[in-house]
Amino acid sequence: MAQLIALILLPLVMAFGLTFVFVSKGSNFVERTRFILTLHPELGLMKQGLLWLVILAPILYFLGTGFLAWQDYDVLLNAEGFQTFLQISVLPLALLSLAIPLSVLISRLHSTEQSAKQIEIVSHKNNLDTYRSHRQELFSYFEQIGKTEYLSCIEVNFKVHPRLHTNFFLGSPTKGLPSPNVDAFKDIESELSTAQWGIDATLRDVNKPMTFSFYLNACSAIFRLSEKLGIPEIYIELAEKGVLVPVKIEKQPELESILTVGTTTDELVAAYRIARSFYLNLCDFACITPSIDTPEKRKYIDTGGRYAKVNDYLSVERLHETEIKSALEKSGIAA
């Protein structure tokens, strides 16, 4: 019984040991064992531990079983001797012959693993190229628009901030074509609606005690839009022309003061139109249908010059000459 167990296990253990010593890689026993029993598509076939294991094991089984089969016979190099050898070596030769199909099997499996790895690499590269191409196309799309002047008070060079792609499109370079960030688009539409409502209430100036608050809320919404869309002509150029008013608004109670969008009606409306135009172009690129609900009575804000004729005076200029000037004087800041 012990001899049978030794005959079964010893060749396999010896084959594993030889492969472990001469072929395997790793810093410990577990890593080197895993190396032997795993195919590695990044390495050549001759460096596969599993291949050497299936070659050495049949050879050692051949020698082990052959030793038992041949021990009562002498070497005889003639036809009778070869015939006798074949008769008594059926099992050893059968075990030895397993080395060929097993090594072919390992070779095929290794080739399959390499093909799968190559497909994975190509797919990864294609995903990277697709993502970068989408990002580059966004930049190129806006570059086609060029410089545009709004209401003769501000010129905008439609350039995309690199963060815009990250903020408005979901995905990663490894996953290929990104998808639009619907929540980000809806957030912009909400800010546009807030700004539009505030501008309309400011220009109509129907509720004069509240017009000041409407104006500051509209300014705050426009600056938020410019930062989210990356429009420096608004959050830098118009901000430099604006006035920092020491008041708080409900929309952003953490702020101690609110910056106006320039100081004129033209600058306020132009800033809104810039943000709206930028957003519509972004929607066009992303193949998203914008859902900006503009009531008929507010459409004058989007185009044309009717915004300056809502009243027989300009309400933004009125606010800067009266309430804003008064707020600055109370705080000790010169207008």
Side-chain angles (χ1 to χ4, degrees), residues 145 147-158 185-239 241-243 245 249-252 258-284 288-324:
I145 301 173
K147 291 185 178 181
T148 307
E149 189 176 54
Y150 285 81
L151 302 179
S152 301
C153 65
I154 183 169
E155 187 177 68
V156 179
N157 188 11
F158 282 90
F185 281 86
K186 288 183 178 179
D187 178 57
I188 295 297
E189 291 177 356
S190 175
E191 295 285 16
L192 283 169
S193 179
T194 299
Q196 184 190 79
W197 189 94
I199 292 172
D200 178 64
T202 300
L203 298 183
R204 293 185 185 279
D205 202 16
V206 175
N207 188 356
K208 284 184 168 56
M210 293 298 297
T211 300
F212 182 40
S213 176
F214 295 152
Y215 173 57
L216 294 181
N217 274 287
C219 289
S220 180
I222 288 173
F223 278 125
R224 290 195 301 272
L225 279 166
S226 69
E227 290 173 357
K228 292 174 181 179
L229 293 172
I231 310 175
E233 289 85 354
I234 296 177
Y235 66 74
I236 294 180
E237 292 183 26
L238 285 180
K241 296 179 181 180
V243 176
V245 185
I249 60 173
E250 184 179 347
K251 186 75 174 179
Q252 291 179 292
I258 301 299
L259 186 64
T260 64
V261 179
T263 57
T264 67
T265 300
D266 287 346
E267 289 170 336
L268 178 66
V269 175
Y272 169 79
R273 290 182 180 180
I274 292 168
R276 182 177 181 275
S277 177
F278 195 101
Y279 175 70
L280 292 178
N281 286 319
L282 183 62
C283 287
D284 186 46
I288 285 182
T289 302
S291 56
I292 305 174
D293 185 18
T294 304
E296 190 66 32
K297 65 178 183 178
R298 294 188 208 155
K299 289 185 177 179
Y300 72 93
I301 301 174
D302 297 339
T303 58
R306 196 160 63 88
Y307 70 91
K309 302 175 184 178
V310 175
N311 288 312
D312 54 3
Y313 60 90
L314 298 174
S315 56
V316 172
E317 283 78 351
R318 179 188 74 78
L319 289 171
H320 278 274
E321 292 170 1
T322 57
E323 295 181 48
I324 293 178

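Put simply, CD on Gln196 and CD1 on Ile222 are 11.0 Å apart, with the number rounded to the nearest 0.5 Å. To the nearest 0.5 Å, atom CG of residue Leu203 and atom CZ of residue Arg298 are 12.0 Å apart. Here the OG1-CZ distance, from Thr294 to Arg276, works out to 5.5 Å after rounding to the nearest 0.5 Å. Note that the CD1 atom of Ile154 and the OG1 atom of Thr148 stand 11.5 Å from one another [nearest 0.5 Å]. For the atom pair CD1 of Ile292 and CG of Leu280, the computed distance is 5.0 Å after rounding to the nearest 0.5 Å. Within the model, atoms OG1 of Thr289 and CG of Asp284 stand 9.5 Å from one another, a figure rounded to the nearest 0.5 Å.
Inspection of the Arg273 and Ser277 side chains reveals no N or O donor paired with an N or O acceptor under 3.5 Å. Inspection of the Asp266 and Tyr150 side chains reveals no N or O donor paired with an N or O acceptor under 3.5 Å.
Taking each heavy atom of Gly262 and Glu267 in turn, the nearest pair found is CA-OE1, 3.1 Å. The shortest heavy-atom contact between Leu314 and Ala308 is CD2-O, 3.8 Å. When all heavy atoms of Ser226 and Phe223 are compared, the closest pair comes out as OG-O, 2.7 Å. Considering all non-hydrogen atoms of both residues, Leu238 and Ala271 come closest at CD1-CB, 3.7 Å. The shortest non-hydrogen separation linking Val261 to Cys219 is N-SG, 3.3 Å. In plain terms, the two heavy atoms of Leu225 and Ala195 that are nearest each other are CD1-CB, 4.4 Å.
Residues forming a side chain to side chain donor-acceptor pair (under 3.5 Å) with Asp200 (at least two apart in sequence, or on another chain): Arg204, Tyr300.
For the pair Tyr215 and Arg318, the minimum side-chain heavy-atom distance is 4.5 Å or more. In this structure the side chain of His320 never reaches within 4.5 angstrom of the side chain of Thr264, judged on heavy atoms.
Around NZ of Lys309, the count of heavy atoms belonging to other residues, nucleotides or ligands within 6.0 Å does not exceed 12.
No donor-acceptor pair under 3.5 Å is formed between the side chain of Glu323 and the backbone N or O of Leu319. Using modelled atom types, one side-chain atom of Glu317 and one backbone atom of Thr265 make a donor-acceptor pair closer than 3.5 Å. Of the possible polar contacts, none joining the Glu233 side chain to the Val156 backbone as a donor-acceptor pair under 3.5 Å is found. Ser193 contributes no side-chain N or O that, together with a main-chain N or O of Ser190, makes up a donor-acceptor pair within less than 3.5 Å. Under the 3.5 Å distance criterion, the side-chain polar atoms of Thr260 are left unmatched by any main-chain donor or acceptor of Thr263.
Under 4.0 Å is where a charged nitrogen must lie from a carboxylate oxygen, and between Arg224 and Glu227 no such pair does.
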Going through the distances and angles, do Leu268 and Ile199 end up as a side-chain contact (heavy atoms from CB on, under 4.5 Å)?
-> CA-CA 8 Å; Leu268 178 66; Ile199 292 172; 4.0 Å; yes

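The aromatic rings of Phe278 and Phe158 sit parallel to each other, their planes meeting at less than 30°, with 60° as the upper class boundary.
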